[in-house]
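Have a look at the structure below, then the notes.
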Amino acid sequence: MELRVNAKGKEWSLRYRVKIGAKWGNKRLPLGEFPTITVAAARSDALKAKARISQGEDLMGERQAEADRRAEEIEAKAREEASRVTVNDFFDRWMKSDKPKGRKDGGKELRRQFEKDVLPLLGEKEMKNVTRADILNVTDTVLARGVNRMAQSLYRPG
């Protein structure tokens, strides 16, 4: 057991060795901050930890595995949030890119078409949930107005 002093303060910890494959590795298990954790409490926690370590447990390995699991959950949640991009969001992002700017009108006609025909029907829908039927609904709406060429430019089956 040791009392480590660093820039954040003082901390009790237990140093131990654990077999990792064919080799032995040094580990340090934090037991708590001094003076919040007294010498007696730190010693008691260290004895309990040593008993578990002697039974083959790797306490820091377990903490690291738990931290890795939590980090993966946070990352998965962030990926899920990022995948909730609406058609409006995606269109705005795309219009800010250099792709529409390469058009003769700088993308003005494209924006007008989308704002008139696509975004009112699909704008709030998440991109991952847009189906072929949704797209056909947009083109059918445009065709009902009698603008066949515009419907063709909005949707070209692949």
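Side chains included, hydrogens not; waters and symmetry mates left out as well; all remaining heavy atoms used. All of these numbers come straight from a predicted model, not from anything done at the bench.
Side-chain contact between Leu110 and Met95: present, with at least one pair of heavy atoms (C-beta onward) separated by less than 4.5 Å. For the pair Lys10 and Pro35, the minimum side-chain heavy-atom distance is 4.5 Å or more. Using a 4.5 Å heavy-atom threshold, the side chains of Thr141 and Asp117 count as separate. Contact of the Glu62 side chain with the Arg52 side chain is registered, since non-hydrogen atoms from C-beta on lie closer than 4.5 Å. No side-chain heavy atom of Val142 sits less than 4.5 Å from a side-chain heavy atom of Thr139. Here the side chains of Arg15 and Lys27 are not in contact, with every heavy-atom distance at 4.5 Å or above.
The nearest pair of heavy atoms linking Tyr16 to Met60 is OH-N, 2.9 Å. Glu124 and Thr86 get closest at one heavy-atom pair: O-CG2, 3.7 Å. Nearest approach of Asn129 to Asp134, heavy atoms of both residues: O-OD2, 3.6 Å. Considering all non-hydrogen atoms of both residues, Thr38 and Trp12 come closest at O-NE1, 4.0 Å. Between Ala46 and Leu31, the shortest heavy-atom contact is CB-CD1, 3.9 Å. The heavy-atom pair separating Met1 from Leu14 by the smallest distance is N-CD1, 4.0 Å.
Taking a 6.0 Å sphere around NZ of Lys50, one finds it holds 12 or fewer heavy atoms contributed by other residues, nucleotides or ligands. Atom CD of Glu33 is surrounded by 12 or fewer heavy atoms from other residues, nucleotides or ligands within 6.0 Å. Within a 6.0 Å sphere centred on NZ of Lys125, other residues, nucleotides and ligands contribute more than 12 heavy atoms.
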- Task: Under the side chain to side chain contact (heavy atoms under 4.5 Å, CB included) rule, what do Glu66 and Arg69 come out as? Steps first, then yes or no, please.
- Result: CA-CA 5 Å; Glu66 177 63 21; Arg69 186 189 62 73; 2.4 Å; yes
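Taking the salt bridge (Lys or Arg N to Asp or Glu O under 4.0 Å) definition, one finds that Glu75 meets it with Arg79, sequence neighbours left out. Residues meeting the salt bridge (Lys or Arg N to Asp or Glu O under 4.0 Å) test with Glu80, sequence neighbours left out: Arg84, Lys128.
A donor-acceptor distance shorter than 3.5 angstrom exists from the side chain of Ser97 to the backbone of Trp94, with no hydrogens or angles considered.
A continuous path of ILVMFWY side-chain contacts below 4.5 Å connects Leu119 to Phe90, so both sit in one hydrophobic cluster. Cluster membership check: Leu47 does not share its hydrophobic cluster with Leu59, using side-chain heavy-atom separations under 4.5 Å among Ile, Leu, Val, Met, Phe, Trp and Tyr. Under a hydrophobic clustering in which Ile, Leu, Val, Met, Phe, Trp and Tyr are joined whenever their side-chain heavy atoms come within less than 4.5 Å, directly or via other members, Leu122 and Met127 fall into the same cluster.
With respect to Arg112 and Glu109, a salt bridge is recorded, a charged nitrogen being found less than 4.0 Å from a carboxylate O. Using a 4.0 Å cut-off between charged nitrogen and carboxylate oxygen, Lys77 and Glu73 do not count as a salt-bridge pair.
Between atom OG of residue Ser13 and atom CZ of residue Arg4 there is a gap of 5.5 Å, rounded to the nearest 0.5 Å. Distance check: Leu136 CG to Thr131 OG1 gives 8.0 Å after rounding to the nearest 0.5 Å.
Aromatic ring orientation, Phe114 versus Phe91: parallel (interplanar angle below 30°, classes split at 30° and 60°).
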